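What follows is a set of notes on a single structure, which appears directly below.
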Amino acid sequence: MALLEVNNLGVSFVTRNGTNRAVDDVSFTVESGQITAIIGESGSGKSVACYSLLGLIPQPPGRIDSGQALFGGRDLLQLPEAELRKVRGRDIAMVFQDPMTCLNPYMTVGKQLVEPLRYHQKTPAAQARRRALELLQEVGIRDPESTIDNYPHQFSGGMRQRVMIAMALINEPQLLIADEPTTALDVTIQAQILQLIAELQRKRDIGVIFISHDLAVVADIADQIVVMQEGKIVESGDRTGIFRHARHPYTQKLLAAIPADSKAGATLSPEPLIQVRHLATWFGQGRKQEPVKAVNDVSFDIRRGEVLGVVGESGSGKSTIGRSLLRLVPVTAGQVLFDDTDVTQLKGRALKDMRRRMQIIFQDPFASLNPRMTVYDTLAEPLLLHGIENRSSVARGVLKLMDDVGLARNFVRKYPHEFSGGQRQRIAIGRALATHPEFVVADEPVSALDVTIQAQILDLMLALGREYGLTMMFISHDLAVVRHIADRILVLYRGEIVEQGTGHELFENPQQTYTRELLQSIPGRSLLQ
Amino acid sequence: MSDASITDIAQAEQGTSLWHDAWLRLRRNRLALFGLGILVLFITIALLTPWIAPYGYAEQNLDLGASGPSAAHWLGTDIFGRDLLTQIMYGGRISLAVGFIATAVALLIGVTWGAVAGYVGGRVDAVMMRLVDILYALPFMIFIVLLMVVFGRNLLLLFLAIGAVEWLTMARIMRSQVQTLRQQEFVEAAVSLGLSPSTIIRRHVIPNALGPIIVYTTLTIPSVMLLEAFLSFLGLGIQPPQTSWGLLISYGAETMEEYPWLLLFPGLALTLTLFSLNFLGDGLRDALDVRGSRD
Amino acid sequence: MWRFIAYRLLQAIPVILAVITVTFFLVRVAPGGPFDSEKAVVPEVKAALEAQYRLDQPLLTQYAAYLGDLAQGELGPSFKYPGRSVNELIAAGLPVTAELGLYALLVAMIIGGVAGIIASLKPNTAQDYLPMSAAMIGICMPSFLLGPLLVLVFGIYLDWLPVSGWGDIPGDKILPAITLGSTYAAYIARLSRAGMLEVMTQDYIRTARAKGLPEWQVVTRHALRGGLIPVVAFLGPAFAGLLSGSFVVETIFQIPGLGRFYVQAAFNRDYTMILGTTVFLSTLIVLFNLLSDILAAWMNPRLRTQFSEH
């Protein structure tokens, strides 16, 4: 018998604007000793389906319309709250996405850890603490004796996620539900946590539901895969089945969105457009403290027409480099020669003219557009500022930009909040291209988007790059994406360049340990080869 | 799709701005609308008082003395036989004026101060906000009492003194708004487009900082009116022959055993106004989706 | 943590000094001296009086002398109550005001806190609207209106409670405490509701529920602490408000406390009394602000550990 059998689950959210069917006729099973991955983009209902099993969606506005969820011979959906509470945290435990916010900041880690044990088993305090220490050791926290009484903020993100996992396992549950447990983490940490989950699952022979938006993440660990779209299951099967013989077009689209190839080497002019020499950007922290050396003595060239990828984890200084080149942060030392003009020395009129020639596209399509300006205002502003269009021709210029980035013309009077993330990013791209720049910094331009949208935006950027003859700096934490789009890649670590080369060179023959570690951490590596 | 023309724009779908959205949300909030209605009514009455008041401001009827509500005097009369409705109408002029003018003073100083500190940043910001911190720690209520004692009960001084207290919070709110906005990517994008700082402030910062400022302004007016009433009650605010709701309440409290209406009606006028402003402020806060600054 | 406290204490010193200086000069430049009103005073006597109170010396000398006295905790003699020092008057009024303030604060915290938490548990239901409407009334009904109304209803019409005095008749402390505390109860109710609502949407509350804890434990163990930090931070300003509120309440209920002394001193132009009381009350308020800030910071482990590590 299956550990968990969900049949015809339906969940709705009732709001002022009508009823939204979040989960529609969903059935799946989870076997003991297996990892079942539920894959879907935001709004696909993957999390709602799992949370509703445990009574963790607020009702109202949530409402369970139909279905049953058989677990240990009982239907979870029919259990009264008091009974369900005994299942939660004892038989079925959960790990959540963001370890920064999921632990109580006002309570020591030790106290939070023993809570499920103390509550469900009435374990004496001393014994519970011993158990907590053992588990912390098991999930890879060094020296748990001295850290167990610390508060969550004293742990790093990866360590916090380990604590979350220990907390979930402390009652030895039969089923673990992990909701995007690695999404908020750096790639190398993600790889470690994935390995840890797989290891603990095998050792305990328990069932795991692994919820993720990213097929690649579960490629190495899932036994079964369920693909959801708009509240419905579109396809499910075992891992090989899904990866080798996906039948549903949506699954195929998800698979195709995993960037698997290196960009074919293009012929580039050898002439550099930008020469960066000994660039350093430090952020002061007051007089006495040591400054944060976000970028430290970095030199490199960007050739005309090239797409230069910049890869690094959080704190590597990758965003700061891009902003330094554009004079968006004050540079501490060094030169940035743009067409032989030192950008770091420009002032006034000359700086304004230079700004026309270099633009930036940001990560967060919500924050990068002024919420009180229509598409028209946003796009017309640069056109008028730099005299690219005059008052009478500006409307035409705006529509041309909208055509270029693939936005319907009748949206021209709409405001950012009326658009989806992908559409917003198109507006932001349009704004960057409005000044006809020669150079564009793209700072994680697809990281906040759903995977299928990511692919569309990347293709759009490549196409427009060719059309406008752009030189580009593409910043990302995701090696696979960078490899797909960049001619050459810089690997950054703690503000310095560790290694550089073409995608092919880096992937086939990495020289540095850090690069190798980064490569090994790419989720779903097996798919890439 | 090659040749774009202006007519395409004419056919475009109309977007809904955040202001429009907020208005739609506010319209659904009955209490806030009720507050807005009462407020408009009271302000209109205050503006028209000299023409619509049933009696002259100084008109006495000593023979009548204090009398309860009647057909001739809807809200009764005070011990000098003066019409209470007339008194409340004239008092309301002062109370509302103090509320609005002192808030305007606070708004002007606070917003400018906060915007400059927030946008310039660095050492200027540190010095400016340190001053605000120090002033913040001062027990202002006591100081206003002191000011009133030292310089006499002067209406202009009252405006200034109250405005001087309330601008501090306004400056803090504005500064934190500007600072947050400055780090927003759309402001960075505006910098990278080459816009001048003044254009950035005008087009990108101020329109986005307006929401919290409007909400806080709406909530400052009632607290200023309370302050004035408080001082007047103690005999340190408005002084006769002028009157205000606080002063009327103070007189009413002295004779409440015999003539309770003299306390009740001015109290009702003040409370109703405060209610309206607070409901409107709360409604605006929800409608503009401003995170609680005061609570 | 100690560094934080030391830092905040250092910050308080210029504030207190500024208060003393501003008050001192403000009072001295005021038109009209304390002995002007007494027409019967012959010029010689007036001069003697002014000499006694050092009013004939240059302003800066007076200021220096005053600071010297203050350093020894000496607030000077009262102008209006000859033979009594400001210290004595404060010593007489302070216990009364402190007791009144304490009761009012208790009223505010208990009623306000409970109402706010109850309201936050079921937002947008009757359980929320009822206490929050009461809180709105509390905010819009100032103490100088509520006090007389309470007196009218409970003291005069119902004749349940005494309407004036302090500690003379049993029960005479009830109405003043409620009058003074109600506004702050209302503010605290709104603050704690907002704080709790904010916390209850946090991810770690979901974690606590996923552990299977019953709802009351989720609230008491996980939500309460974070939710009440804003309330603790508000206690400082609330204290300042209570003190100035005591001016009105002590006047209404004829309570011989500091507040009433202060208002009387203000009317009488009793300079040393105003000066002394202002300095004293201001210092008290600054210290209370400090205390509530420290308490709020201490409740936040991030701040606590940050300052102990450096």
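Letters A, B, ... are given to chains in the order of the sequence lines, protein chains preceding strands, and every chain is numbered from 1. For clarity, every value in this text was computed on a predicted model and none was experimentally measured.
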Contacting moiety of [X], where chain B heavy atoms sit under 4.5 Å:
X: C:Val248; value: both
X: C:Ser192; value: neither
X: C:Ile137; value: both

Look at [options] and state which one has the largest set of heavy-atom pairs under 4.5 Å with chain C.
options: B:Leu234, B:Leu264, B:Leu270, B:Leu277; result: B:Leu234
options: B:Pro260, B:Ala253, B:Pro266, B:Ala229; result: B:Ala229
options: B:Leu272, B:Thr273, B:Leu263; result: B:Leu263

| request: Answer with side chain, backbone, both or neither: which region of B:Phe233 has an atom nearer than 4.5 Å to a non-hydrogen atom of chain C? | output: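 For B:Phe233, the side chain is the part near chain C, not the backbone.
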| field | Which portion of B:Ile249 sits near chain C, non-hydrogen atoms under 4.5 angstrom | value |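 For B:Ile249, the side chain is the part near chain C, not the backbone.
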Contacts under 3.5 angstrom, residues 138-161 of chain C side chains, donor-acceptor by atom type, not counting sequence neighbours:
none

| said: Quick check on the structure: residues of residues 24-37 of chain B within a heavy-atom distance below 4.5 Å of chain C, by number. | reply: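 Against chain C, none of the residues of residues 24-37 of chain B fall inside the cut-off of heavy atoms under 4.5 Å.
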| said: Counting C-beta onward and ignoring hydrogens, is there a side-chain heavy-atom pair between B:Asp282 and C:Met132 closer than 4.5 Å? | reply: no
